[in-house]
Amino acid sequence: MAENQAATTYGNGKGAGATVGIALLGMGTVGAEVFRLIHENAADFAQRIGGPVEVRGVAVSDTSKPRPGVPAELLTTDAHALVQREDVDVVVEVIGGIDYPRELVLAALNAGKSVVTANKALVAAHADELAAAADAAGVDLFFEAAVAAAIPVVGMLRRSLAGDKIKRISGIVNGTTNFILDAMESTGASYEDALAEATRLGYAEADPTADVEGHDAASKAAILASLGFYTRVTFDDVHCEGISSITAADIAAANQAGYSIKLLAICERLEGEDGREYVNARVHPTLVPKEHPLASVNQSYNAIFVEAEAAGSLMFYGNGAGGNPTASAVLGDVVGAARNKVHGGRAPEDNTYAALPLADFGQVSTRYHIDMDVADRTGVLAAISNVFADAGVSLRTVRQEDRGDVARLIVVTHSAREKDLEDIVARLETLADVHAVNSVIRLDNA
Ligand code: NDP
Ligand code: HSE
């Protein structure tokens, strides 16, 4: 190694020109692209890092599957042994799940390896434990790909906006559900067919329940809220509703009223009744006016709005799922972690100094679109209006459509608290003239 190169290295660096060993855990939709791009871009990566990277081994569950271009001797089912190898510096976890990758990631960190993961479920469930292990070992723990795949929102919150105060983060962070809702709205595809296609295209999780029930988006919301508000928010803290109950009729009704239905993740600061500042993170289907930029985010694309005190409103848009876009984010982290291995130093750990209290979901205020079947007779509207008035919730619009003996009533409220809305729906359901509350869908306040 040349003397002038060695001079650029901090205490714990391997030194410029040193090879960085990579262990790749998982070679599915994401892992296969990570492997391909590491090899295709090897010369550039070596320049960017200050030394070459070399994949030392690839952990999979079945070594007999055909994997074109992957030397058989790299494949192993013993991920535990792979992450502990002396010649491994950076471990890339793209297996998925929680318990098994948690064991592997902790073993890797404890052995002094930096870790790059795309696994939002793992990070949203165990961030504190993983961060503590990374801290103790003085290594990096990076997870850019865990939120919105190719969109560099984690780095933007961790670094670019570190000098600002984030007020709200909201947007579409799940590609599979956006693909399904878009297909149902634009082509009239069935929910089942759209989900099958999203799975075929590699957007869905191994168990797509995580996508359609909103769990994947909730994990991402937990990560975004933690980074944006310097407060630990975990998956269990996020109120979560998915899209499995959204019907073709809901989509048609929304369309007719000038809205698209999108699954939004919303993280915001709220002022509590005690005047203190709280944070809330939630995921639910939301009506978005057709003219709003989020309404034109189609297919598996994601878009995230960040409202910051000094920066104002920022919007980030891009590929939110799929092997290639996710590999881009994973490899950005690999280059960062490898650079630190070569030159020494580490990125600052996630900081949760603000430790803001979490607001109960009942305290959240939003507007509601309520679709009911009611008896078509005098006095019904007055009885329904009274239920809202008694709860102190004012109505913005009321629309009635005749359907023979029954009328369809669509009410849009002004901003109201979740707790009050819950009570209103319970009371509406007790009225003899309300045959059914067909759906209650929120409208975003932003
Ligand atoms: P896949 O299901 O396509 O791939 C999983 C890989 O893990 C496979 O190669 C599988 O092996 C391997 N694997 C499974 N179990 C084990 C085990 N016990 N030991 C060793 N290897 C194992 O998942 P994806 O690539 O889609 O996703 C990986 C991660 O990336 C997940 O955390 C996901 O949430 C995240 N992610 C995915 C995105 C996407 O668009 N797909 C986007 C952003 C993040 P084998 O090949 O033998 O079956
Ligand atoms: N299943 C996830 C999605 C992958 O559909 O958004 C990207 O995180």
Side-chain angles (χ1 to χ4, degrees), residues 23-36 57-67 70 74-83 91-105 115-125 143-151 153-154 171-182 194-195 197-221 223-224 242-243 263 265 283 297 299-304 318-330 333:
L24 181 57
L25 311 183
M27 189 170 252
T29 304
V30 178
E33 290 306 305
V34 168
F35 185 86
R36 181 179 68 78
V58 179
V60 292
S61 65
D62 178 358
T63 54
S64 68
K65 274 189 192 170
R67 302 180 201 264
V70 182
L74 285 183
L75 296 171
T76 175
T77 54
D78 191 348
H80 270 286
L82 177 59
V83 302
V91 170
V92 178
E93 187 275 307
V94 282
I95 291 179
I98 297 186
D99 294 338
Y100 185 54
R102 171 179 162 270
E103 277 173 30
L104 295 174
V105 166
V115 170
V116 173
T117 178
N119 190 335
K120 49 272 156 127
L122 172 64
V123 176
F143 45 85
E144 181 61 70
V147 185
I151 306 176
V153 65
V154 170
I172 296 166
V173 294
N174 182 269
T176 302
T177 47
N178 203 52
F179 184 90
I180 294 170
L181 292 171
D182 178 37
L195 172 57
E197 182 64 358
T199 303
R200 189 188 68 77
L201 291 167
Y203 305 148
E205 296 301 301
D207 175 1
T209 313
D211 295 291
V212 297
E213 296 305 341
H215 303 160
D216 177 82
S219 293
K220 292 164 177 169
I223 296 172
L224 290 173
I243 65 160
L263 185 72
V283 168
V297 175
Q299 301 179 348
S300 64
Y301 282 90
N302 285 189
I304 298 165
N319 273 312
N324 244 335
T326 310
S328 162
V330 167
D333 281 349

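All values derive from a computational prediction rather than experimental measurement. Whatever order the structure lists them in is the order used to number ligands and atoms, beginning at 1. Heavy-atom basis, side chains included; hydrogens, waters and symmetry copies ignored. We're numbering straight along the sequence, starting at 1.
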With nothing but distance in play, are any N or O atoms of Val30 less than 3.5 Å from an N or O of ligand 1?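 Yes, there is a polar N/O contact under 3.5 Å.
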
field: N or O pair under 3.5 Å between Met27 and ligand 1
entry: yes

Next on the checklist: Run the salt bridge (Lys or Arg N to Asp or Glu O under 4.0 Å) test against Glu213 and tell me which residues pass, sequence neighbours left out.
Outcome noted: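 Per chain and number, Glu213 pairs via salt bridge (Lys or Arg N to Asp or Glu O under 4.0 Å) with no residue.
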
Worksheet item: Considering residues at least two apart in sequence or located in another chain, which fulfil the salt bridge (Lys or Arg N to Asp or Glu O under 4.0 Å) criterion with Arg102?
Response: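 Once residues adjacent in sequence are excluded, the partners of Arg102 under the salt bridge (Lys or Arg N to Asp or Glu O under 4.0 Å) criterion are Glu129.
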
Shortest protein heavy-atom distance from [atom], along with the residue and atom involved:
atom: atom 12 (C) of ligand 1; answer: Gly26 CA, 3.9 Å
atom: atom 6 (O) of ligand 2; answer: Gly175 N, 2.7 Å
atom: atom 32 (O) of ligand 1; answer: Gly96 CA, 3.3 Å
atom: atom 34 (O) of ligand 1; answer: Glu205 OE1, 2.6 Å
atom: atom 5 (O) of ligand 2; answer: Thr176 OG1, 2.6 Å
atom: atom 8 (O) of ligand 2; answer: Lys120 NZ, 2.5 Å

For ligand 1, is any non-hydrogen atom under 4.0 Å from [X]'s backbone (N, CA, C, O), its side chain (CB onward), both, or neither?
X: Glu33; value: neither
X: Val60; value: both
X: Ala145; value: backbone
X: Ala118; value: both

May I ask whether Ala79 places a heavy atom under 4.0 Å from ligand 1?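 Ala79: no contact with ligand 1 (<4.0 Å).
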
Q. Taking N or O atoms only and a 3.5 Å limit, does Ala204 qualify as a polar contact for ligand 2?
A.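 Not met; the criterion fails.
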
With a cut-off of 4.0 Å, which atoms of ligand 2 are near a heavy atom of Glu205?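 Close to Glu205: 1 (N), 2 (C), 4 (C).
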
Is there a side-chain contact between [X] and [Y], using heavy atoms and a 4.5 Å cut-off?
X: Asn119; Y: Ile95; value: no
X: Leu263; Y: Val283; value: yes
X: Thr176; Y: Pro208; value: no

Assess the side chains of Asp78 and Thr76: does a donor N or O sit below 3.5 Å from an acceptor N or O?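 Not at all, the side chains of Asp78 and Thr76 share no donor-acceptor pair under 3.5 Å.
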
Query raised in the report: Would Gly320 count as a contact of ligand 2 if the rule is a heavy atom under 4.0 Å away?
Result: yes

Those atoms of ligand 1 less than 4.0 Å from some heavy atom in [X]:
X: Thr326; result: 38 (C), 40 (O), 42 (C), 43 (C), 44 (C)
X: Ala321; result: 40 (O)
X: Asp62; result: 47 (O)
X: Arg67; result: 45 (P), 46 (O), 47 (O)

Worksheet entry | Mode of Asp211 contact toward ligand 2 - side chain, backbone, both, neither (heavy atoms, under 4.0 Å) |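 Side chain only; the backbone of Asp211 stays clear of ligand 2.
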
**Asked** For ligand 2, does Asp216 get within less than 4.0 Å through its side chain, its backbone, both, or neither, judged by non-hydrogen atoms?
**Response**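 The answer is the side chain.
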
